[in-house]
Amino acid sequence: MKFDVQAIDERWQRYWKEHKTYRTTNDTTKPKYYVLDMFPYPSGAGLHVGHPLGYIGSDIVARSKRQQGFNVLHPMGFDAFGLPAEQYAIDTGVHPSVSTAINTKRYQEQMERLGLSYDWDRAVNTSDPNYYKWTQWIIGQVFEHWYDKHLDRARPIGELIAHLEQHGTEGLHAAESVAQHCTAAAFRGMSAKEQSDFLMNYRLAFRSVSYVNWCEALGTVLANDEVKDGRSERGNHPVVQKPMLQWSLRITAYAERLLQGLEEVDYSDGLKAQQRNWIGRSTGAQAFFDIQGHDQPLEVFTTRPDTIFGVTFMVIAPEHELVEQLTTPEQAQEIKDYLAYVGSRSEVDRQAETKVTGAFTGSYCINPLNGALVPIYIAEYVLKDYGTGAIMAVPSDDERDKRFAEKFGIEIIDVIDKSNYPGATLKDKVGILINSDFLNGMEVPDAIEAATAKLRELGRGEEQVNFRIRDLVFSRQRYWGEPWPIIYDANDVPHLVPEADLPVELPAMEDFRAVSGESPLKRATDWNTTPQGRRETDTMPATAGSNWYYLRYMDPHNSEEFVDRKVADYWQDVDLYVGGAEHAVSHILYSRLIHKFLFDLGKVPTQEPYRKLLNQGMIGAPITSIQLGVLLTEDGQRHPVWVGANVAEGTPLEVEGLGKGHLVLDESAGTRKVPLRIVEESSVNNIPSFRIYKEAVEQIAQDEAQDAAYFRTVLQQGSSFIWEKDKEGRLYLELSAQVGKMSKRYHNVINPDDISVRYGTDCFRMYEMFLGPIDQAKPWSVSGIDGVYRFLRRFWNLYVGNDDRLNVSSVAPSKEEMKVLHTLIKKVTEDIDKLSFNTCISAFMVAANELSRLKCNKEAVLEPMVRLIAPFAPHIAEELFAALGGQGSVHHAAWPEVEEQWLVEDSFTYPIAFNGKTKLTLDFPADATAEEVETLARANSGVQQQLEGKAVRKVIVVPKRMINFVVG
RNA sequence: GCCCGGAUGGCGGAAUAGGUAGACGCGCUGGACUUAAAAUCCAGUUUCCAGUAACGGAAGUACGGGUUCGAUUCCCGUUCCGGGUACCA
């Protein structure tokens, strides 16, 4: 048996496929364990080395749980709807379903080569009609439900209609977009369209106006990703915020439960904090300010009602519905200009802005507690969707309000005296009220209560809980997504497509461009015209398919239901969910929402989908660039040339054929990305250096890879190369480099394939795990992979002699050998549990080093080690397991048990510290008491030497830890 | 801007109920084996000072403070890097 990693990989991957080694049945007699990876979007660049980091980690857990006797569900699938495939289709004319199928196939092959133990029979694809039928069904159910705040759950819309018909809105406690009131008679008297519009205010999937990035020149809505500095990334056209009628999901109805649910799940504190902040619960008060000369009051939400006597202006969002009415003729131009400015600003820009901007409407409102006249401004720092889109500004107690007041010359009234709280900032809710009438002398918390009570008493406000989270816009004017299963009748009333008619499949189309903001589906008139009426042409966002996919894996072929309740009762929830930190908020939050909704429908047994969550860190790669400079020759000619990144402006240069001159770096100079694949990395005086060699540049001419075509066009931009010579005399150029995200557009995607082929899959797997803690971001580098390869070789040599024959002995192992084995079993078992895979690899290395040193080839030691390494190196483990006579697959063999008897230590090495500094170590019996240890230590000559001439003030002894003499 | 995370030798990292900082691996240096190279094996490798030598001395976990007999670990502040910021997935 040879250590031929390619042959071993191939043999066992074939075996697993043929024997369906990883098939999972819904066998309810075994305890279940569900390990899930976030499924990938199958992009054209293929799998990169960052993907497997999580996949390998979860695979190790899945395999070890399988060996521990669990029925393990470990599936994989594809999040196949999305923007890039559609953009690619627009660019190339290749239908998204075609490119998606190609990419999906490639991803699956790549994953199979990583030896991941997925049950591919359960694979799902969100763009498959058999899958998205159920996405449509679920979202349809969301449409058919409303939220009862009393019972705290979703209820069928029919029950709401019944209530409205009998009682109107009297006694109704429903989650709603705006406060609505009507009597039973009034409701019954409405037309079908009026009733439908009335109900939209309550439906959990509803239509309303929201803002989108509108690009007039492209005639389409753009993703935030496609907008840079208020302009489209493609074509550099202006982008404005435009209101559009869109479908949304009422996630706000579930805000409280999404917050509470965090208590019962095992996510990191940081992640929980991010979710909490996203939900953003705050307690405060609503307050109504009458507007001078208007009937309607201005409603604000404030967390600091106590500061109401310090209100010297009001700010409403530029999109606030009252802006037009409040703008006086004198201020009309100023407001118009400001609105134009705001319209060009993205939300991130608006919130990130440190500069204060705003405009006065010309109107005033009246402080309900002291009757003061307060000017009303609009400003971009107030967001339309947060609270009521209006704030009462207290410049003395809020940083942003203060800057605004200073800029616009508005009065500042101090209302809080913080002199009793040294070091307290404006953010701290502490102090004594001043200049505040009946609140004077109160502490802030009491004043908040008193002010709220006063507002309530006057009928001008009430205590209120507010959430930062906004309803989730769920419409896209795009082709490549699930069509909304909605048909509008002749009265424009939306109706859900009946379950029997699902899925609503995408029509065959060739042109996917959106025109004048309408979905491309609008042009598929054969498809969108039905006897019942016209179809909704908006599609759903990519999150629609991904927020419930973990349920489909449980029962992937069920044609009656998205998942059988009995099957869901068995699998319950995901025990371990592994995926990128970039999904930590939105994806997790949205699937938690859908899960809770399905729980309300009685379709799933649990309140939370993911019991434990692990975010793997991103793997970065160098983004390398070559410098294009200008050679200004003595005759005044300019020649574009490629120069090393280390060559400075003004350096004298000479190029054969062009002549002498010097380097100029001006606006026609710049840098161009170089495909990382053809770059050589080296280090000079321990400083990493990236170079492109002349050979690589010459070879690019025949290179057929995609990035080669790109690079050929780039290289034409320079007429010559200013090569440098390395110590071997090879010609190269120095490149500049920074570490960044692996992405096709940086040409720095590193594929796992080449590495697996060269070193074998097991080496690649162990190397990725050995890089460091799985949850930390790290740069990719292959330096060090040789060390892992050498380890595997050494591990193999414990079993196999130089003659390539199995060489194990049945002789009973020594105590020392058994200690090595059981130390390893203990460490690896514990560390898998802690998801600390890098330290598992180190432990294997330590054990292999020890056993090599001991020249141990005892089967009683080596056989359990094969079962222990199986989750990490599944191919080599199978090979050795079979050679040792194991039956079946090692991946179904039992996990080794720790026998503590081998781990007992007789003595402990104590560090002896003096004033906290360790000076020497001494061995004492492991069972010695603190007093005995101190006596033994004091008797030691080395200790006495240290203590000579010094007074011992205190001795601290922690048995089996350390000893510290405090001297002085 | 706001929210979250991170920072330890030349490099990836190890060690937290606070108790020997640098396990393991890479790289580098020297040696063995070899005609030679590769592979393999052995030794050394935080920095500075001192030294023929030794269980020699000092400093050291991004930076500045604090708590403690003792801090990489806990607390306060700062800097830099990464992720998210609601239509990339």
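Here is how names work: the chains are called A, B, and so on, in the same order as the sequence lines, proteins then strands, and each is numbered from 1.
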Rounded interatomic separation in angstrom, taking CG from A/Leu83 and P from B/C87: 12 Å
Rounded to whole Å, how long is the line connecting atom NE2 of A/His48 with atom C1' of B/A89? 11 Å
When all nucleic acid strands are considered with a 4.0 Å heavy-atom cut-off, which category describes [X]: base, sugar-phosphate, or nothing?
| X | result |
| --- | --- |
| A/Gln246 | base |
| A/His583 | base |
| A/Gln477 | base |
| A/Asn849 | sugar-phosphate |
| A/Val212 | base |
| A/Ala913 | nothing |
| A/Thr543 | nothing |
| A/Val955 | nothing |
| A/Ile469 | base |

Atom pairs under 3.5 Å: protein N/O with N/O of nucleotides 12-15 of chain B:
| residue | atom | partner | partner atom | Å |
| --- | --- | --- | --- | --- |
| B/G12 | O2' | A/Leu771 | O | 2.4 |
| B/G13 | O5' | A/Leu771 | O | 3.3 |
| B/G13 | O3' | A/Asn838 | ND2 | 3.3 |
| B/A14 | OP1 | A/Asn838 | ND2 | 2.7 |

So, does A/Trp484 use its side chain to make a donor-acceptor pair with the main chain of A/Phe474 at under 3.5 Å? yes
Is A/Lys384 close enough and on-axis enough to A/Tyr211, meaning under 6.0 Å and within 45°, for cation-pi? yes
Could you tell me if A/Arg350 sits above the aromatic ring of A/Tyr381, with its cationic atom closer than 6.0 Å to the ring centre and no more than 45 degrees from the axis? no
Residue met sooner reading RNA chain B from 5', once A/Asp269 and A/Phe908 are mapped to nucleotides: A/Asp269
Return whichever of A/Gln274 or A/Asn964 has its heavy-atom-nearest nucleotide of RNA chain B closer to the 5' end. A/Gln274
G-U wobble or Watson-Crick pairing nucleotide for [N] (cut-off 3.5 Å, both distances):
| N | answer |
| --- | --- |
| B/U67 | none |
| B/A14 | none |
| B/A7 | B/U79 |
| B/A58 | B/U47 |

Flag if over 12 foreign heavy atoms under 6.0 Å of NZ, A/Lys402: no
Is it the case that more than 12 heavy atoms not belonging to A/Asp91 sit under 6.0 Å from its CG atom? yes
For A/Ser852 and A/Asn849, test the side chains for any donor-to-acceptor distance below 3.5 angstrom and give the result as yes or no. no
Is the phosphate of B/A86, meaning OP1 or OP2, less than 4.0 Å from a side-chain N or O of A/Arg470? no
Distances for protein N or O near nucleotides 39-49 of chain B N or O, under 3.5 Å:
none

Any idea which of B/U20, B/C3, B/A86 is nearest the A/Val348 side chain? B/A86
